[in-house]
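Structure record follows, encoded as structure tokens.
The first residue of the sequence shown is numbered 1, and numbering continues consecutively from there. Keep in mind that what you see is a predicted model, and the values were worked out from it rather than measured.
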Amino acid sequence: MSKKTIRVAHSPDSDDAFMFYALATRKINTGNLHYEHTLSDIETLNRKAMDGGGEYDVSAISFHAYAYLAERYALLACGGSVGRNYGPILVSTKPMGKANLRRQKVAIPGTMTTAFLALRLFAPEIRYEVVPFDQILENMETGLFEFGLIIHEGQVTYRDQGFHKVLDLGEWWQETTGLPLPLGGNVIRRDLGMPLMKQISGHIKESIQYALDHRDEAIKYAMSFSRGLDEHRADRFVGMYVNELTLDYGEDGRQGIRKLMDEACRNGLIQKAPPIEFV
């Protein structure tokens, strides 16, 4: 019997590689389903999902983008990247206070990233320019920007390159709301139908659990996606974004998503808060 192909898209970074390790290397039995993986930066995935072409059956997305996707896609209850008192970091080329933000343009990794949404909640009048996430620190080194908004592995390497933390948006969000900051999740096409959606969700959760149960081998696999991190720091970074909240958002994770959408709507950054439903 031929297998049905499920097209999955996620970021080419170590935490997503860790999460999808068992699925990508066929460590788990997926029965009648065959998973085809595509790797792309998160802003590109956000835009493709928003275009509505349905190119991928399952896609990693930013929660900012989910505000525009809820009619066509449902959230999976597993696979989320949630920062509990940590998150995207605003860095500068020299020690500077937050007041300097009013005078400088910030390099950001994309307007649909949750990092940018959180920054706008913190500083609504921010001036910015979009730069690919893996080129922000390089552009700061050459003097093009004094401020950059850092996601992915840059969150644990920026100090090594001589940059200074201005603000951790995850810390700010936790202090402000008492909730973790939901950054990204996996969405699934609603038109697949609930039985298939649940089957796929189960396989992804099983893949996450396999990686957590076989951490050493999964970390070794993820190292090839870690953009220069040594094994210790790759393990640290993966631990930040693949943990018990990745298996299931939990009640505070769910509250964090709803709070983020409500605050974005209240501040005029999205038109309306989408319904938050999980498969």
Is [Y] close to [X] at the side-chain level, that is, under 4.5 Å between some pair of heavy atoms?
| X | Y | answer |
| --- | --- | --- |
| Leu181 | Glu171 | no |
| Leu169 | Leu149 | yes |
| Arg189 | Arg72 | no |
| His34 | Arg26 | yes |
| Met223 | Ser14 | no |
| Leu144 | Glu138 | no |
| Leu260 | Leu117 | yes |
| Tyr210 | Glu217 | yes |

Open item on the list: Whether the Asp160 and Thr157 side chains hold a donor-acceptor pair (N or O, under 3.5 Å, no angle test) is what I'd like checked.
Closed with: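 No, because no side-chain N or O of Asp160 sits under 3.5 Å from a partner of the opposite role on Thr157.
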Open item on the list: Could you tell me if Glu206 and Asn29 have a donor-acceptor pair between their side chains, going purely by distance under 3.5 Å?
Closed with: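 Note: Asn29 and Glu206 side chains miss the donor-acceptor criterion.
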Task: Salt-bridge present (Asp230, Arg233; N to O < 4.0 Å) - done: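 The answer is yes: the pair qualifies as a salt bridge.
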- [ ] Look at the rings of Tyr35 and His37 and say which category their plane angle falls in: under 30° parallel, 30 to 60° tilted, over 60° perpendicular.
- [x] tilted
- [ ] Just say parallel, tilted or perpendicular for the rings of Phe122 and Trp172, cut-offs at 30° and 60°.
- [x]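 Judged by the thresholds at 30° and 60°, the geometry between Phe122 and Trp172 is perpendicular.
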Working to the nearest 0.5 Å, report the span between [atom1] of [X] and [atom2] of [Y].
| X | Y | atom1 | atom2 | value |
| --- | --- | --- | --- | --- |
| Arg159 | Lys165 | CZ | NZ | 6.0 Å |
| Ser40 | His10 | OG | NE2 | 11.0 Å |
| Leu247 | Cys78 | CG | SG | 8.0 Å |
| Ile6 | Thr30 | CD1 | OG1 | 9.5 Å |
| Asn85 | Gln174 | CG | CD | 5.0 Å |
| Met140 | Glu146 | CE | CD | 8.5 Å |

So, [X] side chain and [Y] main chain: donor-acceptor pair closer than 3.5 Å or not?
| X | Y | value |
| --- | --- | --- |
| Ser59 | Ile61 | no |
| Tyr68 | Ile270 | no |
| Asp16 | Pro12 | no |
| Asn139 | Gln135 | yes |
| Ser92 | Lys94 | yes |
| Gln155 | Gly87 | yes |
| Thr246 | Tyr241 | yes |
| Asn267 | Leu269 | no |
| Thr25 | Tyr21 | yes |
| Thr38 | Arg7 | no |

TODO: Provide the full list of side chain to side chain donor-acceptor pair (under 3.5 Å) pairs with a residue in residues 247-261, sequence neighbours left out, each pair given once.
DONE: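 Counting only pairs at least two positions apart or across chains, the side chain to side chain donor-acceptor pair (under 3.5 Å) contacts touching residues 247-261 are Arg84-Asp252, Asp248-Arg254, Glu251-Gln255, Lys259-Glu263.
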Task: Pairs meeting criterion side chain to side chain donor-acceptor pair (under 3.5 Å) with involvement of residues 109-131, two or more places apart - done: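 Qualifying pairs: Arg47-Thr111.
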TODO: For Lys205 and Leu76, run side chain to side chain contact (heavy atoms under 4.5 Å, CB included): C-alpha distance rounded to whole Å, both residues' side-chain angles, the deciding distance at 0.1 Å, then the answer.
DONE: CA-CA 9 Å; Lys205 186 172 184 177; Leu76 295 180; over 6 Å; no
Open item on the list: One pair to check against side chain to side chain contact (heavy atoms under 4.5 Å, CB included): Val58 and Ile204. What are the steps and the verdict?
Closed with: CA-CA 10 Å; Val58 175; Ile204 293 175; 4.0 Å; yes
Cluster question for you: counting only ILVMFWY and a side-chain heavy-atom cut-off of under 4.5 Å, with indirect links fine, are [X] and [Y] together?
| X | Y | value |
| --- | --- | --- |
| Leu90 | Ile150 | no |
| Tyr73 | Ile276 | yes |
| Ile108 | Phe63 | yes |
| Ile151 | Leu39 | no |
| Met112 | Leu119 | yes |

Non-hydrogen atoms of [X] and [Y] that approach each other most closely:
| X | Y | answer |
| --- | --- | --- |
| Ala107 | Val131 | CB-CG2, 4.0 Å |
| Gly239 | Tyr86 | O-OH, 4.4 Å |
| Ala67 | Met261 | CB-SD, 4.1 Å |
| Tyr221 | Ala24 | OH-CB, 3.6 Å |
| Ala222 | Ala17 | CA-CB, 4.1 Å |
| Val8 | Phe20 | CG1-CE2, 3.8 Å |

Task: Residue pairs involving residues 139-165 (criterion ring-ring contact (aromatic ring centres under 6.0 Å, His included); sequence neighbours excluded) - done: Phe133-His152
